[in-house]
Structures are given as structure tokens and as C-alpha cells.
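Before any comments, here is the structure.
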Amino acid sequence: MPLLEIKSLQLEFGTGDKALRAVDGVNLTVEAGETLCLVGESGCGKSVTALSIARLVPTPPAHYPAGEILLNGRDVLKMDKRELRSIRGGVVSYIFQEPGASLNPVFRVGSQIKEALKLHRPEVATDAEVARLLKLVGIAAAESRMRDYPHQMSGGMQQRIMIAMAIATHPKLLVADEPTTALDVTIQAQILDLLLDLKQRLGMALLLITHNLGIVGNIADRVAVMYAGQVVETANAKELLRRPLHPYTKALMNAVPKTGARAERLQAIPGMVPTLGNFPSGCRFHPRCPKVQADCREKIPSLVEVEAGRGARCPYWQTP
């Protein structure tokens, strides 16, 4: 049984005729100890899908008209408030995009980590455990830095504090939502290496959300590509990078700078991700797709297994 299994999930904002569907029929699985990368441009529904795992999207205005989110075999969408409190942090923990906005500016970082310990591991909610966690995420002089406020730390150190807070509860699934946003390239690499090391050391599964396919090869076991609220391709990470099938995945790959290659301009994807309520008919990628056919504008493609272990939402994925 997978650690996480999302089945035909639908998420809407609003009600009645004015409801806007942000997630439409998403199917995902994450096995214990696995790393799944969820990839796509901003506005594709990656973050709200991930937040739905612990029902962190406020309801209302959001609601779930269909689907299941099975965490350890239990449907999160049917849990009461008490059960949700037990899985938030206890089973699944989150690292968000901007640590400076996630950390409370008026509390010392050690106190914020200790608060998570008091909720889920009260028997070890001590300064010594906080210091151990800070050392685990690579913060030197942990005993003194735990008394600092967030503004006294750099962006990279703030993100390490967020990671320490997330792993303090010994979760089975760690969700990292664009954890390297706004960090310079060197710090980005350090944070990704740290996540991979902690995942292996603590035996967690990792769901990494990113728009950058360039980092997928070094960290992911499998990849799911999202566009306009739908999963358009799933594959083993190495296979996807070696041979992407869906036109959108290929376009994302072409937009990644190639090391050592000379090019006057990067290959940008024309147009923009459609906004909620303005999804085109038929295939949602067809207005931007270089392989578009006449029926793409009318027929809604399904995500089908086109090869062993690979799915693609495009009937023309083999078209040159």
C-alpha cells in the first residue's frame, strides 16, 4: 500500500455556477521512502494539490467535489478536526517557499521548533533536542543560534530552520514547496543536498514541488508534470529527462539552459498558463502546443499508460 495515494482529486473554489476548478482529476502515488517531484509552471495547481494532502486549503472557499486522498490508507477528506491535527506534522510536514514569511518574527527560532515538539513529541521537547535538530540541518553554534530571531538569520539559514521544524516531528512524508525560491544558486544546491541527505537518514518520503526540471535528475525517483490543474505526464525521473513524451514536458525541458551550450536566447514557451475559469476547450495545452491537431481543440485527452510505468495526456505524443 502506498504511503500517499491521491485518486481522481477535484478541488474547486466557490460554489454553484461560479465554482472554479483548480485541480481536476489528479492521480498521484508516493511510496514510503520515495522522492516524487511535482513539476510545472506557476498557476498549474501544484501547491494546492500538495496543501490538500493535509487539508490545509481553507474550506470554504475551497471544497472537494470528488476524489480521495489516502494517507496510510485513511481518507484525509473524511477526517474530523482531531484526526487532522494528528497527521499535520505527525505524518506529513511542510516546507514552504518563503521561510521569512512562514517563521513568526516575534519568537526565537528555538521556541518555534520546540512548539512543534510539544505537539507531537512532548517527551523530548527540550533545548538539547532543539540544538540537535539545528546541528542536523547544518547550523553551527546551535546552542546560541537557537536564541536568535528570524530576522537575525540569512535566507538560507531561515530555510534550514524551517527544515528543522518540519523534521522535528519525525514525519513519514515531507512536502517541500519550492524550497529554494529566492535563494542564490549555491545555497539552493546546499538546501537540496540537505533534503536528500535527511530523507535517506530519516527514512522519509519526499514530495518536492518545483518549476525547474533542471534539479529533478539529482533528487527525484519519479516525476509528475502538471499543467492547468491536470497531470499531463508521469514517469521515472531518468526516463523522463532522457526522453520526455508530452509536448509540455518537452517545452519545459527546452527552456532549461544547457551547460556548455551556446545559444542567443532560451526557448521560451509561447503564451501563458490559462487562469481559473478560462481553460480552453479540448486539450488545455493546445493554444501553446507545437504539435496541435484539429481535434485537440475539441476532444479532452485522458492520461493513459503509453509505456510501462509511463503516462501521457496526449494522443499525438509520437508525432514528430
Side-chain angles (χ1 to χ4, degrees), residues 1-9 23 26-39 46-56 67-79 83-96 116-117 119-121 123-124 129 132-133 136-137 162-179 191-210 215-226 231 233-241 303 305 308-311:
M1 180 178 66
L3 172 62
L4 171 68
E5 188 173 10
I6 299 176
K7 296 182 177 181
S8 304
L9 182 67
V23 176
V26 165
N27 292 280
L28 290 174
T29 60
V30 180
E31 301 288 344
E34 182 183 40
T35 298
L36 173 69
C37 274
L38 193 55
V39 179
K46 307 184 300 299
S47 292
V48 289
T49 299
L51 290 171
S52 297
I53 296 170
R55 288 232 327 252
L56 294 178
E68 295 178 302
I69 303 173
L70 302 178
L71 194 60
N72 276 335
R74 299 162 59 201
D75 190 353
V76 174
L77 298 182
K78 295 179 180 178
M79 290 182 180
E83 290 178 297
L84 287 173
R85 281 195 299 270
S86 70
I87 68 163
R88 291 169 178 168
V91 181
V92 54
S93 286
Y94 288 81
I95 303 168
F96 298 106
L117 288 170
L119 288 171
H120 296 283
R121 297 174 60 211
E123 70 282 1
V124 293
E129 177 64 8
R132 187 189 71 84
L133 289 166
L136 192 61
V137 298
M162 288 297 301
I163 295 171
M165 196 181 303
I167 66 172
T169 59
H170 290 179
K172 294 182 179 179
L173 173 64
L174 181 63
V175 180
D177 187 356
E178 299 276 9
I191 294 297
L192 291 173
D193 287 344
L194 174 62
L195 288 175
L196 190 57
D197 177 65
L198 290 172
K199 168 191 169 291
Q200 294 171 342
R201 190 182 304 187
L202 302 177
M204 301 180 296
L206 176 62
L207 174 59
L208 176 65
I209 300 171
T210 181
I215 69 173
V216 166
N218 295 326
I219 198 168
D221 298 310
R222 288 189 302 115
V223 180
V225 182
M226 282 193 74
V231 175
E233 184 168 356
T234 58
N236 172 278
K238 292 182 179 178
E239 284 296 311
L240 182 135
L241 294 176
L303 181 68
E305 188 175 38
R310 301 200 67 172

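Keep in mind that what you see is a predicted model, and the values were worked out from it rather than measured.
Using a 4.5 Å heavy-atom threshold, the side chains of D221 and E31 count as separate. Within the 4.5 Å cutoff, the side chain of P171 has no heavy atoms near those of the V92 side chain. Here the side chains of L28 and V30 are not in contact, with every heavy-atom distance at 4.5 Å or above. Looking at heavy atoms from C-beta onward, M204 lies out of side-chain contact with L173 at the 4.5 angstrom threshold. Annotation: side chain of L196 is not in contact with side chain of N218 (no heavy-atom distance under 4.5 Å).
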Go through the steps to decide whether L9 and L77 satisfy the test side chain to side chain contact (heavy atoms under 4.5 Å, CB included), and finish with yes or no. CA-CA 10 Å; L9 182 67; L77 298 182; 4.2 Å; yes
Does the side chain to side chain contact (heavy atoms under 4.5 Å, CB included) test come out yes or no for R310 and E233, once each step is laid out? CA-CA 7 Å; R310 301 200 67 172; E233 184 168 356; 2.7 Å; yes
Step by step, would you call I69 with S52 a side chain to side chain contact (heavy atoms under 4.5 Å, CB included)? CA-CA 8 Å; I69 303 173; S52 297; 3.9 Å; yes
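With E83 as reference, R74 is the one residue of R55, R88, R74 to meet the salt bridge (Lys or Arg N to Asp or Glu O under 4.0 Å) rule. Each of L4, I6, I53, I87 was scored for a side chain to side chain contact (heavy atoms under 4.5 Å, CB included) with V76, with one residue passing: I87.
Closest approach of M226 to L38, counting heavy atoms only: CG-CD1, 3.7 Å. In terms of heavy-atom proximity, Y94 sits nearest to A166 at O-CB, 3.9 Å. Of all the heavy atoms in T169 and S93, the pair that sits closest is OG1-OG, 3.4 Å. Considering every non-hydrogen atom in both S47 and I209, the closest pair reads CA-CD1, 4.3 Å. Of all non-hydrogen atoms in V231 and A224, the two that sit nearest each other are CG1-CB, 4.4 Å.
Every side-chain contact (heavy atoms from CB on, under 4.5 Å) that K7 has, sequence neighbours left out, goes to E5, N27, E68, L70. In this view, R222 and T29, E34, L36 satisfy the side-chain contact (heavy atoms from CB on, under 4.5 Å) rule, not counting sequence neighbours. With sequence neighbours excluded, the residues satisfying side chain to side chain donor-acceptor pair (under 3.5 Å) with D197 are R201.
Here CG of L3 is found 10.5 Å from CG of L207. Values are rounded to the nearest 0.5 Å. Put simply, CE on M79 and CZ on R85 are 13.0 Å apart, with the number rounded to the nearest 0.5 Å. To the nearest 0.5 Å, atom CG of residue L136 and atom CG of residue L202 are 6.0 Å apart. Separation of atoms CG (L133) and CD1 (I167) is listed at 5.5 Å; rounding is to 0.5 Å. Once rounded to the nearest 0.5 Å, the distance linking CG of L117 with NE2 of H170 reads 8.5 Å. Going from atom CG of L198 over to atom CD1 of I163 covers 7.0 Å, rounded to the nearest 0.5 Å.
For K199, the NZ atom is densely surrounded, since the number of other residues' heavy atoms within 6.0 Å is greater than 12.
At distances below 3.5 Å, not a single donor-acceptor pair connects side-chain atoms of D177 with backbone N or O atoms of F96.
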